[in-house]
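First up is the structure itself, then whatever we jot down about it.
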Amino acid sequence: MNYPRFIAAFLVYAIVDIAWNVSPIARGMYESLHEASGSDALLDAYGKQMDTWGGVELLSLLAFFLLIAFANYYLAIQPAIRENSLGTAMRNSFALGCAAYATYIAPIFVTFAGWPAALVPIDILIGGLLSLITSTVVTYVVLRRSRA
């Protein structure tokens, strides 16, 4: 395993994911969609405030970031570098991110009455874009350095 590439994938993913989730755009979108669907009370019950997080929440988040970084590294970045193809990284990572996010949002939508249906495709696309950004950035830097 190439640890610098894996660490880069971890850092890029964590940064873009956290930046997205704390951004006023994301927060406003989620609040608006829940309010429009009549599930704003569900949003309050569903989301934990960060100031209430303990070690278990932080370990869970760390595990997610490690796993999604490893998946991007193994399934998108490394194959793209072997093929010398940024397009491979982009395609593989987008598919990976969409699949990863679909595995959580579809069950949530099915389980929670009143969950906004619009969030299903939105969250799936966001997952795809977060992985796409991660693998594209890391692969681009590696390929650019190897050509220099």
Side-chain angles (χ1 to χ4, degrees), residues 1-3 5-83 85-142:
M1 171 139 76
N2 186 305
Y3 289 104
R5 292 176 192 165
F6 169 72
I7 292 167
F10 174 85
L11 292 173
V12 171
Y13 195 95
I15 290 166
V16 295
D17 183 82
I18 292 168
W20 165 251
N21 281 293
V22 300
S23 74
I25 294 169
R27 296 174 67 88
M29 177 192 69
Y30 286 113
E31 288 173 15
S32 295
L33 287 170
H34 279 280
E35 187 176 303
S37 71
S39 69
D40 49 340
L42 177 62
L43 183 61
D44 291 338
Y46 178 72
K48 291 182 182 178
Q49 296 299 318
M50 284 183 69
D51 60 354
T52 67
W53 288 12
V56 173
E57 287 84 3
L58 293 174
L59 284 174
S60 296
L61 189 60
L62 178 62
F64 169 74
F65 286 148
L66 287 169
L67 286 169
I68 198 77
F70 179 75
N72 273 283
Y73 165 80
Y74 188 76
L75 299 171
I77 296 166
Q78 286 302 101
I81 291 168
R82 276 194 303 275
E83 295 174 19
S85 170
L86 189 60
T88 296
M90 296 170 78
R91 284 187 302 277
N92 291 359
S93 62
F94 185 74
L96 164 69
C98 288
Y101 276 56
T103 61
Y104 92 87
I105 194 62
I108 287 173
F109 174 67
V110 171
T111 304
F112 290 100
W115 193 268
L119 276 179
V120 175
I122 289 170
D123 273 352
I124 291 170
L125 287 175
I126 288 168
L129 291 173
L130 294 174
S131 281
L132 173 73
I133 292 166
T134 299
S135 292
T136 300
V137 167
V138 174
T139 304
Y140 176 80
V141 169
V142 170

OG on S23 to CE on M29, rounded to 0.5 Å: 8.0 Å

From CZ (F10) to CZ (F65), nearest 0.5 Å: 7.0 Å

E31 side chain to G28 backbone, donor-acceptor under 3.5 Å: no

Interatomic distance, S131 atom OG to N72 atom CG [nearest 0.5 angstrom]: 4.0 Å

Residue from I68, I133, V137, L66 passing side chain to side chain contact (heavy atoms under 4.5 Å, CB included) with Y13: I68

Gap between atom CZ of R5 and atom CD1 of I77 - 0.5 Å precision: 9.0 Å

Side-chain touch Y73/V138, heavy atoms, less than 4.5 angstrom: no

Flag side-chain contact, heavy atom, 4.5 Å: N92 against L96: no

Crowding at OH, Y74 (>12 non-hydrogen neighbours, <6.0 Å): no

Counterpart residues, side-chain contact (heavy atoms from CB on, under 4.5 Å), relative to L129 (two or more places apart): F94, L132

Non-hydrogen side-chain atoms of I81 and N2 separated by less than 4.5 Å: no

Beyond-backbone contact of I108 with W115, side-chain heavy atoms, under 4.5 angstrom: yes

Closest non-hydrogen atom pair, Y101 against I124: CB-CA, 4.1 Å

Residue list, side-chain contact (heavy atoms from CB on, under 4.5 Å) with L67, at least two apart or on another chain: none

Reported CG-to-CG distance for the pair L125 and L130, which is rounded to 0.5 angstrom: 11.0 Å

Residue pair T139 / A80: nearest heavy atoms and the distance that separates them: CG2-CB, 3.8 Å

Atom of P79, atom of L75 and distance for their closest heavy-atom approach: CG-O, 3.5 Å

